[in-house]
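Only heavy atoms go into these numbers, but all of them, side chains included; no hydrogens, no water, no symmetry mates. Just follow the structure's listing: the first ligand is 1, and inside any ligand the first atom is 1. Please read all numbers here as calculations on a predicted model, not as lab measurements.
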Amino acid sequence: MEDVVVLENVRKSYGMKEGVVEALSGVSLVIKRGEYASIMGPSGSGKSTCMNIIGCLDRPTSGRVLIDGRDTRFMSEQALAVLRNRTVGFVFQQYHLLPSMTVLENVMLPLRYQGVEKRRRKERAREILSRVSLDSRASHYPAELSGGQKQRAAIARAVAAGPKIILADEPTGALDSETGALVLELFKDVNERGAAVILVTHDAKVAAAARRRIRIFDGKIAEDVFV
Ligand SMILES: Nc1ncnc2c1ncn2[C@@H]1O[C@H](COP(=O)(O)OP(=O)(O)O)[C@@H](O)[C@H]1O
Ligand SMILES: [Mg+2]
């Protein structure tokens with residue numbers, strides 16, 4: 001299977017008033033198409049930094065990052081944004097739905113980056129909303145939804161364009177266990193359709209959904225096992 005994510009000796013430091021903070025201290029990682037990996041580790045260990053770099057939201061201080069076979073090092077911000085929009089679907093703990101757009105419009109958005117025409121975007125977004133049982137909320141605004149509904153809408157948006165990589169940073173952190181289980185089912189479904197899923201969680205029960213389990217400690221990979 002092709003490598004969809006390659007990190008080679010990735011470091012990321014932040015210059016702060018108090019000195020330099022090294023969030024990632026030499027992370028090397030290969031994720032293949034169709035893989036399902038969880039990432040666990042204490043707060044502040046670098047999990048979100050790692051996800052932001054994989055998702056091309058941030059660049060490393062040094063080291064190499066290849067996403068879908070493309071070396072991101074010398075890519076412009078614009079080229080990086082195109083790669084991100086075509087390849088990656090994000091799910092965050094705090095949903096990040098656009099508040100001024102309806103649920104349907106939020107889910108349609110990533111399809112626009114793919115150049116899908118409007119009528120088809122609407123059809124596809126409706127299909128996906130029905131898969132997450134949100135048909136009846138399509139014309140609502142995010143503020144009118146419960147936490148679980150927002151997260152389902154965020155996942156619908158993340159998977160709408162069929163990205164090769166789904167990145168989820170504590171996606172079940174704010175959900176009750178029933179909604180959390182539904183979210184995991186959705187990830188399982190997109191993973192079985194061929195997407196690589198990378199899931200950051202605090203919860204060992206959530207991590208158990210993944211066959212590959214990675215632990216980060218102090219900006220380094222401390223463990224990486226297949227179960
Ligand atoms: N934008 C930033 N500016 C400065 N320091 C940051 C920034 N983002 C993260 N850090 C620091 O990097 C380290 C790793 O953070 P993070 O990746 O968010 O950890 P985790 O997601 O595992 O809790 C922490 O010490 C954090 O304070
Ligand atoms: Mg984090």
Side-chain angles (χ1 to χ4, degrees), residues 4-31 35-67 72-73 75 77 80-81 83-84 87-97 147-148 150-155 157-158 163 165-177 179-180 183-184 186-187 195-210 212-225:
V4 287
V5 175
V6 178
L7 304 185
E8 282 176 15
N9 199 21
V10 164
R11 291 175 181 271
K12 177 72 183 180
S13 27
Y14 296 103
M16 303 293 286
K17 271 204 293 263
E18 312 78 49
V20 173
V21 174
E22 196 167 58
L24 292 178
S25 312
V27 167
S28 297
L29 179 69
V30 175
I31 304 276
E35 221 168 11
Y36 195 151
S38 65
I39 299 182
M40 295 188 82
S43 179
S45 57
K47 304 180 299 295
S48 294
T49 303
C50 190
M51 295 292 264
N52 291 342
I53 287 175
I54 294 172
C56 307
L57 289 170
D58 207 351
R59 290 176 188 271
T61 308
S62 68
R64 218 154 77 104
V65 179
L66 282 83
I67 301 301
T72 60
R73 194 159 18 169
M75 286 173 70
E77 291 307 314
L80 216 49
L83 178 65
R84 175 170 65 235
T87 317
V88 183
F90 275 100
V91 184
F92 301 93
Q93 183 173 4
Q94 289 310 323
Y95 324 119
H96 293 289
L97 294 163
K150 279 184 214 169
Q151 196 56 304
R152 280 185 279 149
I155 292 175
R157 180 186 56 183
I165 306 165
I166 304 282
L167 299 177
D169 196 349
E170 306 205 25
T172 60
L175 305 179
D176 60 76
S177 59
T179 317
V183 164
L184 291 183
L186 294 168
F187 287 143
V197 176
I198 308 176
L199 172 67
V200 166
T201 179
H202 270 123
D203 184 342
K205 288 202 290 287
V206 172
R212 181 173 180 184
R213 304 200 190 142
I214 298 168
R215 277 185 187 276
I216 294 194
F217 193 79
D218 253 358
K220 291 194 187 73
I221 292 184
E223 188 179 75
D224 186 352
V225 293

* Just how far is it from atom CG of Leu83 to atom CE of Met75, taken to the nearest 0.5 Å? -> 4.5 Å
* Do the side chains of Thr72 and Cys56 get nearer than 4.5 Å, heavy atoms only? -> yes
* To do: Evaluate the side chain to side chain contact (heavy atoms under 4.5 Å, CB included) criterion for residues Leu7 and Cys50: first the C-alpha distance (whole Å), next the side-chain angles of each, then the deciding distance (0.1 Å), finally the verdict.
  => CA-CA 9 Å; Leu7 304 185; Cys50 190; 4.0 Å; yes
* Return the protein residues near ligand 1 (heavy atom under 4.0 Å from any of its atoms), ordered by chain and residue number. => Tyr14, Met16, Val21, Ala23, Pro42, Ser43, Gly44, Ser45, Gly46, Lys47, Ser48, Thr49
* To do: Please indicate whether Phe217 has more than 12 foreign heavy atoms, meaning atoms of other residues, nucleotides or ligands, lying under 6.0 Å from its CZ.
  => no
* To do: Evaluate side chain to side chain contact (heavy atoms under 4.5 Å, CB included) for Arg84 paired with Ile67, printing each intermediate quantity in order.
  => CA-CA 9 Å; Arg84 175 170 65 235; Ile67 301 301; over 6 Å; no
* Asked: Tell me, which pairs form a side-chain hydrogen bond (donor to acceptor under 3.5 Å, both in side chains) where one or both residues lie in residues 47-56, sequence neighbours left out?
  -> Ser48-Asp169
* To do: For the Mg ion (ligand 2), decide whether Ser48 has an N, O or S atom at a distance under 2.8 Å.
  => yes
